[in-house]
Every structure is written in C-alpha cells, then in structure tokens.
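FYI, the numbering just counts along the sequence from 1. Values below: every heavy atom of this structure, side chains too, minus hydrogens, waters and symmetry copies.
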Amino acid sequence: MRDLARLPLDGTAFAAKYGPWAVIAGASEGTGSCYAEELAAMGINLVLVSRRKDALDALGDRLKAEHGVDYRSVSQDLTATDAGASLLAATADLDIGLYISNAGADGAGNSFLDTETERSHRLVRMNIGTLIETTHGFGNRFRARGGGGILIMASGAGLGGQPMLAMYAGTKAFEICFAESLWGELGDADIDVIAIAAPLMNTPTLQRATEGMGFDLSIAYDPADVTHNALVSLFAGKPVLIVPDGPGEENLPAVEAARIERAAAFKQWAKAYTG
C-alpha cells in the first residue's frame with residue numbers, strides 16, 4: 001500500500017472536545033471500522049450505523065471488550081427516504097459530540113446511460129438527502145450543547161468529473177462544497193466541519209470490486225492512515241483534506257491550500273455581509 005505519514009493527534013484532547021458519543025454512519029467495515037477503532041481507543045462511545053447489524057454488533061462487542069466503551073448498533077439503510085430522521089430518533093437520548101458521515105461508496109465502471117435511474121436516486125438519497133437531514137439535526141444539537149464536530153467522508157472524485165462515475169462524482173462534489181460552506185457558517189458556534197477528499201483505499205469494497213481483475217492494490221492507501229489524518233484535520237479546524245491521488249495528484253496540495261484560503265475568505269465576507 002502507499003505510504004501516508006500519520007500526523008500527531010492528542011487523543012485525550014480530541015475526546016474531551018468531541019465525546020462522549022460519536023455517530024459513524026457506514027461503520028460495518030473499511031473506513032467506518034477504522035474510525036470506530038481509533039475513537040474507541042480514545043474512550044469515545046460509539047453509535048455504529050449500517051444495514052448489517054450482525055457486523056455492527058461484532059465490531060461493537062470487540063471494541064467494548066478491548067477499550068471499555070459503550071456502543072449502540074443501529075441497523076439502517078441510508079438510502080431510505082426516512083434514514084436521517086430515523087438515525088436522529090435512534091440517538092435522541094445520547095450526548096453526541098461527533099457525527100461522521102462515512103457512507104456513499106459506488107463502484108467504478110457504471111455508465112450513466114446504462115444504469116437504472118433508481119440506482120442514481122439511491123445514491124442521491126444517501127450522499128445528499130440523508131446527509132442534509134442528519135447534519136441539520138446533529139448540527140442543531142451541537143449548537144445547543146455548545147460545540148461538536150461533523151466529518152463528511154467525501155472523495156477525490158468530487159474535485160472534478162470522472163467518466164463512469166458521474167453520479168458518484170457529482171454527489172461527492174456536493175459533500176465537499178456543503179462541508180466547506182458549513183465550516184464558515186458554524187465555526188463561531190464551535191462546530192467544526194470538514195470534508196475528506198479521500199483517495200483510493202485498500203478497503204473490502206475495493207477488494208470486492210476488483211476481485212479477479214488483477215488490480216494492483218499496492219497503489220491504494222491504508223484506510224486507517226487516511227481516517228487518522230482525517231480526525232487530525234477535523235481537530236485542527238480545517239474545512240477540507242485532500243489526500244493526493246490519481247492523475248495530476250502532484251497539484252492537489254496546492255488545490256487544497258487554495259480551497260482553504262477561499263473558504264476562509266468567504267467566511268470573512270459572510271460576516272461582513274450579514275453584519
């Protein structure tokens with residue numbers, strides 16, 4: 001796998017800011033389980049969300065035994081029209097300090113015209129509709145409690161259009177712009193918001209999608225390295241993290257810097273405009 005240097009993180013300070021409970025939407029495997037592993041090691045209790053309750057319970061039981069944290073598993077199809085409301089209701093009694101939107105994968109090689117539109121609508125419901133509902137609900141709870149964090153696991157595909165990934169790239173572009181906008185809007189309420197423009201990672205989803213194709217998994221990143229740096233970047237107050245990957249990746253550090261500068265400038269503009 002590709003090397004990615006891990007940035008330093010004070011787990012005690014992170015848990016104090018974003019605990020005692022975190023919600024991970026899309027937690028059963030891959031990057032979701034990586035987030036769960038690291039948060040549990042910090043002593044943060046977990047709400048684990050996905051369709052596969054058996055996988056969530058197995059993960060939660062193990063992390064509870066290893067780290068002494070509590071967990072709640074929520075079986076939820078995040079493409080359902082009521083998914084956001086259901087997730088908010090399932091956590092209404094908990095003091096949530098961190099919401100991680102980690103669902104939304106879609107395999108490559110999907111021609112838009114050759115794909116049933118219902119599949120596209122499901123992706124929109126998961127990556128946009130459910131995200132809107134949950135971010136609105138948790139965001140208001142964070143404002144009432146005096147702070148919190150929202151981490152949106154987007155994709156480098158959201159930085160520009162990609163053939164055979166039209167719907168995925170489009171919904172991930174929404175996620176990135178949405179997070180950058182909320183970063184400027186909610187920061188004064190001590191609510192940190194970040195979008196992660198994630199790279200190709202060696203996850204079970206990628207392994208299943210490329211099985212038998214001779215795909216070279218060594219070009220992919222370790223998902224645990226990516227999720228660690230995502231948590232560091234949230235805590236550092238960044239609006240976006242772009243992990244270099246793909247054609248033109250040598251330009252992406254400059255793209256990230258420019259997007260952060262732009263987000264900060266618009267934050268100041270909004271203050272003047274609304275003042």
Quiz item: Has the side chain of Arg72 got a donor or acceptor atom that lies under 3.5 Å from a matching backbone atom of Asn45?
Solution: no
Quiz item: When hydrophobic residues are tied together by side-chain contacts of less than 4.5 Å, even through go-betweens, does Leu88 share a cluster with Ile24?
Solution: no
Quiz prompt | Test item: Asn229 side-chain N/O and Leu7 main-chain N/O as donor-acceptor pair under 3.5 Å | solution = yes
Quiz prompt | Under 3.5 Å: donor-acceptor pair, side chain of Thr135, backbone of Ile132 | solution = no
Quiz prompt | Chi angles and distances behind the side-chain contact (heavy atoms from CB on, under 4.5 Å) call for Lys17, Asp192 | solution = CA-CA 10 Å; Lys17 184 171 187 179; Asp192 299 321; 2.7 Å; yes
Quiz item: Going through the checks in order, is the side-chain contact (heavy atoms from CB on, under 4.5 Å) test met by Leu252 and Leu159?
Solution: CA-CA 10 Å; Leu252 291 181; Leu159 298 173; 4.0 Å; yes
Exercise. On the 0 to 90° scale, with breaks at 30° and 60°, tag the Phe174-Phe178 ring pair as parallel, tilted or perpendicular.
Key: parallel
Quiz prompt | Where Ala230 and Ile196 come nearest, the two heavy atoms and their spacing | solution = CB-CD1, 3.6 Å
Quiz item: Can any side-chain N or O of Asn102 pair as donor or acceptor with the backbone N or O of Met153 at less than 3.5 Å?
Solution: no
Self-check item: Val226 side chain reached by Leu241 side chain, heavy atoms, under 4.5 Å
Solution: no
Quiz prompt | Within one Ile-Leu-Val-Met-Phe-Trp-Tyr cluster: Tyr99 and Ile194, side-chain cutoff 4.5 Å | solution = no
Quiz item: Donor-acceptor pair, Ser233 side chain versus Lys238 backbone, under 3.5 Å?
Solution: no
Quiz item: Is Glu37 salt-bridged to Arg62, going by a charged N under 4.0 Å from an acidic O?
Solution: yes
Exercise. Determine the interplanar angle of the Phe235 and Tyr18 rings, folded into 0 to 90°, and report it as parallel if under 30°, tilted if 30 to 60°, perpendicular if over 60°.
Key: perpendicular
Quiz item: Taking Ser28 for the side chain and Leu56 for the main chain, is one N or O donor matched with an acceptor at less than 3.5 Å?
Solution: no
Quiz item: Is any side-chain heavy atom of Met1 closer than 4.5 Å to a side-chain heavy atom of Asp225?
Solution: no
Quiz item: Where the side chain of Trp21 meets the backbone of Asp70, is there a donor-acceptor pair that is under 3.5 Å apart?
Solution: no
Self-check item: Salt-bridge present (Lys172, Glu175; N to O < 4.0 Å)
Solution: yes
Quiz item: If we ignore angles and hydrogens, is there a donor and acceptor under 3.5 Å between the side chains of Asn127 and Tyr168?
Solution: no
Quiz item: Between the side chain of Ser75 and the main-chain N/O of Arg51, is any donor-acceptor distance below 3.5 Å?
Solution: yes
Practice problem: Among Thr91, Ile150, Leu98, find the one that has a side chain to side chain contact (heavy atoms under 4.5 Å, CB included) with Phe138. | Solution: Thr91
Quiz prompt | Any donor-acceptor pair under 3.5 Å from Glu256 side chain to Ile242 backbone | solution = yes
Exercise. Give the C-alpha distance, both sets of side-chain angles, the deciding distance and a yes or no for side-chain contact (heavy atoms from CB on, under 4.5 Å) between Leu200 and Ile219.
Key: CA-CA 8 Å; Leu200 188 70; Ile219 68 173; 3.9 Å; yes
Quiz item: Which atom pair, heavy atoms only, marks the closest approach of Asn202 to Ala220?
Solution: N-CB, 3.6 Å
Self-check item: Any donor-acceptor N/O pair, Gln268 side chain to Ala265 backbone, under 3.5 Å
Solution: no
